[in-house]
Amino acid sequence: MKNKLEHFSDLDLPPLLLEVIAELGYTKMTPIQAESIPVLLSGRDLVGQSKTGSGKTAAFSIPILRNINMKTRAVQALILCPTRELCAQVAREVRRLGRRHAGLQVLVGSGGQFIAPQVGALEKGAHIVVGTPGRVLDLIQRKSLILSKTTTLVLDEADRMLDMGFEEDMEQILAALPRKCQSVFFSATFPQSITDLSAKYQQNPVTVTIKDAAGEEAAIEEKFYEAGLGEKTTALIKILEHHAPQSAIVFTNMKAVAREVSDALNNTGISAASLHGDLEQFERDRVMARFRNQSTRILVATDVAARGIDVESLDLVVNFDCPSKPDTYVHRIGRTGRAGKTGLAVSIVTPREKFKLALIGEYTSTKPVISPLPRGKPQAEKSDVITGGRDNTESVIKAARMETISISAGRKDKLRPGDILGALTGESGGLKGDDVGKIEIHDRISYVAVRKDVAQHALKSLIEGKIKGRTFKVMLLR
Ligand code: AMP
């Protein structure tokens, strides 16, 4: 690497920002950060190749936060992402990194939600907007989103946005930005359309490509198991029992299959949920919240449904159906082995699908080999961060130890994680700190994970007691 900078402290950043970065536990920069943050701080345009999990969100957010002028309530950075989920994740990371920027307003302007609250929020003023191209364009055309003071534009997962048909919207947005606006394109792949977009709208951009470093390559172990068409579900159960992941995504090629597989897993007592295009947005949100907080261990999803979802510490990805396109394969398995952790990607291959292995091998410059299905005792579970406890190995994969309670209030109601934790562990709640898992606060709803054995008690105490002196609708999600 030509760049000598390794640590965030080597960068010219304000102390408050460095403090937050340290609090988040980021010490060394990831390769993409080391390469792109100095370029972005110098004000140049950038085209970066990187995938989810590389730390690219922080790579573009840190320079944005350094440049933000808190005194003006004008939109100074616009970040476009392909999906609503990705927008939410990016906004979450920006808010985390910006938590010492008192009064920072980060607005999510994504589709699939009412536009009026977004218009209202923009009227009050926002510093950073994270949105999907369609909705952002709509907000621009309504003259609700004003870009005259915007100094940074980010296209996150540019190739996906193009795949999803946002090309025209993106062009119109790019054309609406001030000429001097710095632009940052991040993409996993570089089809001609991105090169064209860059040539048209960027000025002498710096290209940053992170070749799969040796460490990163080893981060995903790939395995291929053969199973007959009618034996795939049994094979999947064996795989899950053997590898006993904390959290895994199982990919299917069709949504009907996603549902069937999820049902089959639940019938054997393995906690699973399916994510597919037929779900309402609130149902998707619930499924994802439950998965992130370990109330559901296995998520069964199609590629479309899984777009943009990001879950930390996913230790296994299973291809229930082998994808036909090698780049889909690479996208799927890229969801494990993130930020330096090793991951495992397992594919079930039917005899008729064996030809796909050659395509995958050619694309990834590897030689996929079929291994015999695992048998024998399941692996012992790694220590569980949330409960600190262990089950008998027999049932490790089956039991999800957490349950999720939803509370009908969120950030907009000024609800904070501490309020929920306080209500649960205070006098009326009586729970111990480690009975409570992840707490997620969304705009109008919050999810809290609690240990299964205390879930009913927690529910009762939240229903009977008050949170911050107020009563909200509280439900146990199943
Ligand atoms: P991303 O590629 O932006 O989705 O980031 C993947 C994950 O890595 C996120 O959970 C970040 O919080 C985390 N992360 C980002 N930068 C660093 C870093 N320098 N050190 C450790 N973790 C990081």
Side-chain angles (χ1 to χ4, degrees), residues 1 3 5-11 13 17-38 40-41 46 48-66 77 79-99 106 108 128 130 152 154-161 184-189 208-210 212-213 215-216 219-220 246-247 249 288 291-294 306-315 317 330-343 385 438 440:
M1 209 185 293
N3 211 311
L5 305 177
E6 261 190 31
H7 298 273
F8 287 101
S9 50
D10 299 333
L11 299 168
L13 292 174
L17 194 49
L18 285 173
E19 255 173 46
V20 174
I21 293 170
E23 279 166 18
L24 294 178
Y26 304 172
T27 45
K28 272 178 81 169
M29 287 187 271
T30 64
I32 195 82
Q33 291 165 350
E35 291 287 325
S36 37
I37 296 178
L40 294 176
L41 290 176
L46 182 134
Q49 176 166 34
S50 85
K51 41 185 191 183
T52 315
S54 58
K56 66 181 154 72
T57 315
F60 61 72
S61 304
I62 289 170
I64 288 177
L65 287 165
R66 194 218 39 187
I79 304 167
L80 298 180
C81 306
T83 64
R84 185 184 158 205
E85 280 79 11
L86 205 64
C87 289
Q89 276 155 37
V90 168
R92 207 181 310 153
E93 178 88 351
V94 175
R95 287 188 183 116
R96 282 207 297 172
L97 285 161
R99 64 183 180 210
V106 181
V108 178
I128 300 174
V130 186
T152 309
V154 179
L155 300 185
D156 191 10
E157 305 210 355
D159 52 350
R160 296 254 187 137
M161 290 197 276
V184 188
F185 292 9
F186 272 117
S187 198
T189 57
V208 170
T209 317
I210 305 296
D212 272 352
E216 217 176 304
I220 303 175
Q246 286 282 344
S247 295
I249 294 191
M288 285 313 302
F291 184 59
R292 275 194 295 265
N293 71 26
Q294 313 229 335
R307 255 183 196 156
I309 62 169
D310 178 36
V311 180
E312 283 167 45
S313 74
L314 199 64
D315 34 24
V317 166
V330 173
H331 266 304
R332 286 182 179 182
I333 72 167
R335 294 176 175 282
T336 178
R338 291 191 177 175
K341 283 182 227 151
T342 21
V385 267
K438 195 175 172 107
E440 276 186 28

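Below, each value reflects all heavy atoms present in this structure, side chains not excepted, and no hydrogens, waters or symmetry copies. In listed order, ligands and their atoms are each counted from 1.
- Taking all atoms of both residues into account, the shortest heavy-atom contact from Leu97 to Ser61 is CD1-CB, 3.9 Å.
- Residue contacts with ligand 1, taken as heavy atom pairs separated by less than 4.0 Å, do not involve Gln89 at all.
- Remark: ligand 1 and Ser54 share an N or O pair separated by less than 3.5 Å (distance only, no angle test).
- Residues Ile37 and Ala58 approach most closely at CD1-O, 4.4 Å, considering heavy atoms.
- Ligand 1 places these atoms under 4.0 Å from at least one heavy atom of Gly55: 1 (P), 2 (O), 3 (O), 5 (O), 15 (C).
- The nearest non-hydrogen atom to atom 20 (N) of ligand 1, considering only Phe8, Phe186, Tyr26, comes from Tyr26.
- Here the closest non-hydrogen pair linking Phe8 and Leu13 is O-CD1, 4.4 Å.
- If you check each of Thr30, Ile37, Thr57 against atom 3 (O) of ligand 1, the one with the closest non-hydrogen atom is Thr57.
- Of the possible polar contacts, one joining the Thr30 side chain to the Ser54 backbone as a donor-acceptor pair under 3.5 Å is found.
- Remark: the backbone N or O of Gly55 is paired with a side-chain donor or acceptor of Gln33 at under 3.5 angstrom.
- Close approach to Glu93 involves these atoms of ligand 1, each under 4.0 Å from a residue heavy atom: 11 (C), 12 (O).
- Neither the backbone nor the side chain of His7 comes within contact range of ligand 1; no heavy atom lies under 4.0 Å.
- Among the atoms of Gly25, none of the N or O lies under 3.5 angstrom from an N or O of ligand 1.
- Annotation: salt bridge (charged side-chain N to carboxylate O under 4.0 Å, His left out) contacts of Arg99 (sequence neighbours excluded): Glu23.
- Less than 4.0 angstrom separates some heavy atom of Arg96 from each of these atoms of ligand 1: 12 (O).
- A pairwise comparison of heavy atoms in Asp159 and Ala188 identifies OD2-N, 3.4 Å as the closest pair.
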